[in-house]
Amino acid sequence: MKSMFLRFIATRLLALLMLSGLLASPTLTCAQEPPQGFEKLFNGDDLDGWYATKTQDPRQFQKLSDQEQKDAIAAAEKETGKWWRVENGEIVNDGDGPFLTTKRNFRDYELLIEYKTVPRADSGVYLKGTPQVQIWDSTDEGKFKNGADKGSGGLWNNKHPHGKDPLVLADKPFGQWNKFRILQIGARTSVWLNDKQVVDHAIMDNYWGNNQRPLINSGPIQLQTHGGEIRWRNVYVRELDANEANKMLASKNNDGFESVFDGSSLAGWTGAVDNYEIVDGTIVCKKGKGGNLFTEKEYGNFVVRLMFQLPPAGNNGLAIRFPGQGNPAYDGMTELQVLDSEHKRYAILDARQYHGSAYGIAAAHRGYLRPTGEWNFQEVTVDGSKIRVELNGTVILDTDVSQVTSFKDDAKHPGLNREKGHFGFAGHNDPVKFKSVSIKPLDP
């Protein structure tokens, strides 16, 4: 009877410890197989595919030659074991040393990862080599001034409010495993912590260089160590192809948009209609043709969303507030370039002529187009004299044309201050394709 009573007490104590979080459930300590479509980033046995390195601007590392990068990684691998180890299918760090970094770079992806920390620990997940999805002790009163009381999962280094603080407090008690689901498309980042969404489609700021450039297009995943033991397990990734990434971007914040292309005809469009054709639900500029195809309707302030596909060396443009005649780049408010910017034909251009730029007026950031032949998703916001271009989830142009004082070749732009006009395409003889064109008018 005594032994049965002791076993009963032991069983009850074990259950209480598990419920209180002082002891993790044994069913969670075993490495699991990745969900369908995911692959393991951590094999559960060793740190193959990872190395520890000091945090740095990933652009600086990517400037190195391939051989220099290999040599740097090889040297870092030799030191990784000083700070990072594997125990029972878990990555372990005691709170010191450089950050554990994937050898691979990732562009658009879904990441699943579990972690467990100790009190007062401070950590995070770096995306594309950039800080960070925050992890910290939400009970540490000394860090309440920094937002620790709001919980983990926010993009703590964001300068703007959207995404900086988590939407809800979702941390589990110490001793229990927490799980992240992180979705990143371009700079657009969504985070779920323990199945609760804590970041919703926020632009992740580029910490490096005081945010003068957008988040890098592709970079490594890093596990931060800072201030206390942290354990990681079940690290899985699923890379997104262009079609899935575009659909996800198009599905967000789409209230108020109206389609201006029915997928089968050019009803509602005018101008150079004979120089364009409908092919498989897309508007295509005929090869060797061109001219301006534009909506019958005029718009003042608006947001336009569309997808486009460039052939090699493809060149077209988006006509903004076009008067219906003349050159959109000069007689309209502007022409936003649609261009295969990395083609050798365009190796030497004015910076204000590459994709996404307000032609001859303001230069867009380069390096965010998908590989030639893939579909791209673009959103353009025109609000007064301000123009914002978001390409594949990354803002590549954010300018106020009323503040521009220098123009390419001192060209005149008589339509720059137009307050209303047509939206359209400025063809340049190349079979550039467009689809899923929708516009949301904005209040003046």
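All values reported here derive from a predicted model rather than from experimental measurement.
Annotation: the span from Asn246 atom CG to Asn392 atom CG amounts to 6.0 Å, rounded to 0.5 Å. Distance check, rounded to the nearest 0.5 Å: CD of Glu239 to CG of Asp108 gives 9.0 Å. Considering CG of Asn327 and OH of Tyr359, their distance stands at 8.5 Å, rounded to 0.5 Å. Distance CD1/Ile216 to CZ/Phe61: 11.0 Å, rounded to 0.5 Å. To the nearest 0.5 Å, the span separating CD1 on Ile221 from CG on Leu100 amounts to 11.0 Å. The line from CZ of Phe99 to CH2 of Trp83 is 12.0 Å long, rounded to the nearest 0.5 Å.
Minimum heavy-atom separation, Asn93 to Gly95: OD1-N, 2.6 Å. When all heavy atoms of Gly356 and Ala364 are compared, the closest pair comes out as C-CB, 3.5 Å. Residue Val86 comes nearest to Asp45 through the heavy atom pair CG1-O, 3.7 Å, listed as atom of the first residue, atom of the second, then distance. The nearest pair of heavy atoms linking Thr225 to Pro98 is CG2-O, 3.7 Å. Residues Pro166 and Lys150 approach most closely at CG-O, 3.2 Å, considering heavy atoms.
With no hydrogens or angles considered, a side-chain donor-acceptor pair links Tyr109 and Gln184 at under 3.5 Å. For the residue pair Arg321 / Asn301, a side-chain donor-acceptor distance below 3.5 Å is found, with atom types taken as modelled. Between the side chains of Thr80 and Glu77, no donor-acceptor pair of N or O atoms lies under 3.5 Å. Side-chain N/O atoms of Asn157 and Gln134 include no donor and acceptor closer than 3.5 Å.
For Arg213, the side chain to side chain contact (heavy atoms under 4.5 Å, CB included) partners are Arg59, Asn206, His365, not counting sequence neighbours. Contacts of Asn194 classified as side chain to side chain contact (heavy atoms under 4.5 Å, CB included), with partners at least two apart in sequence or in another chain: Lys172, Asn178, Lys179. The salt bridge (Lys or Arg N to Asp or Glu O under 4.0 Å) search around Arg238 returns Glu110, Glu244, not counting sequence neighbours. In this view, Gln212 and Asn210 satisfy the side chain to side chain contact (heavy atoms under 4.5 Å, CB included) rule, not counting sequence neighbours. Considering only residues two or more places apart in sequence or on other chains, Asp205 meets the side chain to side chain donor-acceptor pair (under 3.5 Å) condition with His160. In this view, Glu390 and Arg188, Arg388 satisfy the salt bridge (Lys or Arg N to Asp or Glu O under 4.0 Å) rule, not counting sequence neighbours. Remark: Tyr299 pairs with Phe302 by the ring-ring contact (aromatic ring centres under 6.0 Å, His included) rule, at least two apart or across chains. Evaluation of the salt bridge (Lys or Arg N to Asp or Glu O under 4.0 Å) rule for Lys252 yields Asp200 as partners, not counting sequence neighbours. Listed by chain and number, the residues in a salt bridge (Lys or Arg N to Asp or Glu O under 4.0 Å) with Asp96 amount to none (sequence neighbours excluded). With sequence neighbours excluded, the residues forming a side chain to side chain contact (heavy atoms under 4.5 Å, CB included) with Phe180 are Ile113, Tyr115, Val125, Val133, Ile135, Ile182, Val191, Leu193, listed by chain and number.
By the 4.0 Å N-to-carboxylate-O rule, Glu229 lies close enough to Arg231 to be salt-bridged with it. Taking a cutoff of 4.0 Å between a charged side-chain nitrogen and a carboxylate oxygen, Arg85 and Glu90 do not qualify as a salt bridge.
Between Phe308 and Phe434, the ring planes lie tilted relative to each other; the angle falls in the 30° to 60° range. Ring pair Phe294/Phe322 is perpendicular by interplanar angle, where above 60° counts as perpendicular and below 30° as parallel.
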Inset, instruction - Check step by step if salt bridge (Lys or Arg N to Asp or Glu O under 4.0 Å) holds for Lys40 and Glu33. - result: CA-CA 8 Å; Lys40 291 183 178 181; Glu33 287 303 307; 3.5 Å; yes
Inset, instruction - Run the numbers on His428 and Leu339 for side-chain contact (heavy atoms from CB on, under 4.5 Å), then give the verdict. - result: CA-CA 10 Å; His428 296 287; Leu339 187 74; over 6 Å; no
Inset, instruction - Before giving the answer on side-chain hydrogen bond (donor to acceptor under 3.5 Å, both in side chains), spell out for Asp171 and Ser138 the whole-Å C-alpha distance, their side-chain angles and the decisive distance to 0.1 Å. - result: CA-CA 7 Å; Asp171 300 65; Ser138 63; 4.5 Å; no
Legend entry - Full working for salt bridge (Lys or Arg N to Asp or Glu O under 4.0 Å) between Lys420 and Glu298: CA-CA 6 Å; Lys420 193 175 183 180; Glu298 290 187 283; 5.1 Å; no
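Proximity of a side-chain donor or acceptor of Asp430 to a complementary backbone N or O of Asn315 within less than 3.5 Å is detected. Judged by distance alone, with hydrogens and angles left aside, the side-chain atoms of Trp84 form no donor-acceptor pair with the main-chain N or O of Val92 at under 3.5 Å. A side-chain donor-acceptor contact under 3.5 Å links Gln353 to the backbone of Asp350. Using a distance-only test at 3.5 Å, with no hydrogens or angles considered, a donor-acceptor pair links the side chain of Asn376 to the main chain of Glu374. Between the Ser123 side chain and the Gln224 main chain, a donor and an acceptor come within less than 3.5 Å of each other.
A 4.5 Å side-chain heavy-atom check between Leu442 and Val303 finds at least one atom pair inside the cut-off. Taking the side chain as every heavy atom from C-beta outward, Asp255 and Phe257 never approach each other to under 4.5 Å. In this structure the side chain of Leu318 reaches within 4.5 angstrom of the side chain of Gln378, judged on heavy atoms. The shortest distance between side-chain heavy atoms of Ile439 and Lys297 does not fall below 4.5 Å. At least one side-chain heavy atom of Leu112 sits under 4.5 Å from a side-chain heavy atom of Phe38. Counting heavy atoms from C-beta on, the side chains of Ile387 and Leu336 come closer than 4.5 Å. Inter-residue side-chain proximity for Pro214 and Val395 is flagged as unmet; no heavy-atom pair is nearer than 4.5 Å. In this structure, the side chains of Ser218 and Lys128 stay at 4.5 Å or more apart for every pair of heavy atoms.
Cation-pi geometry between Lys103 and Trp50 is not satisfied (NZ or CZ under 6.0 Å from the ring centre, within 45° of the ring normal).
Around the CD atom of Gln325, the shell of radius 6.0 Å holds no more than 12 heavy atoms that belong to other residues, nucleotides or ligands. Enclosure of atom CD in Glu419 is not indicated, since only 12 or fewer non-hydrogen atoms of other residues, nucleotides or ligands lie within 6.0 angstrom. The number of heavy atoms from other shown groups lying within 6.0 Å of NZ (Lys440) is above 12.
Centroid-to-centroid, the aromatic rings of Phe425 and Trp269 come within less than 6.0 Å.
For the side chain to side chain donor-acceptor pair (under 3.5 Å) condition, no pair includes a residue of residues 274-296, sequence neighbours left out. Evaluation of the side chain to side chain donor-acceptor pair (under 3.5 Å) test over residues 336-346, restricted to residues two or more places apart or in two chains, returns Asp340-Thr372, Glu342-Arg366.
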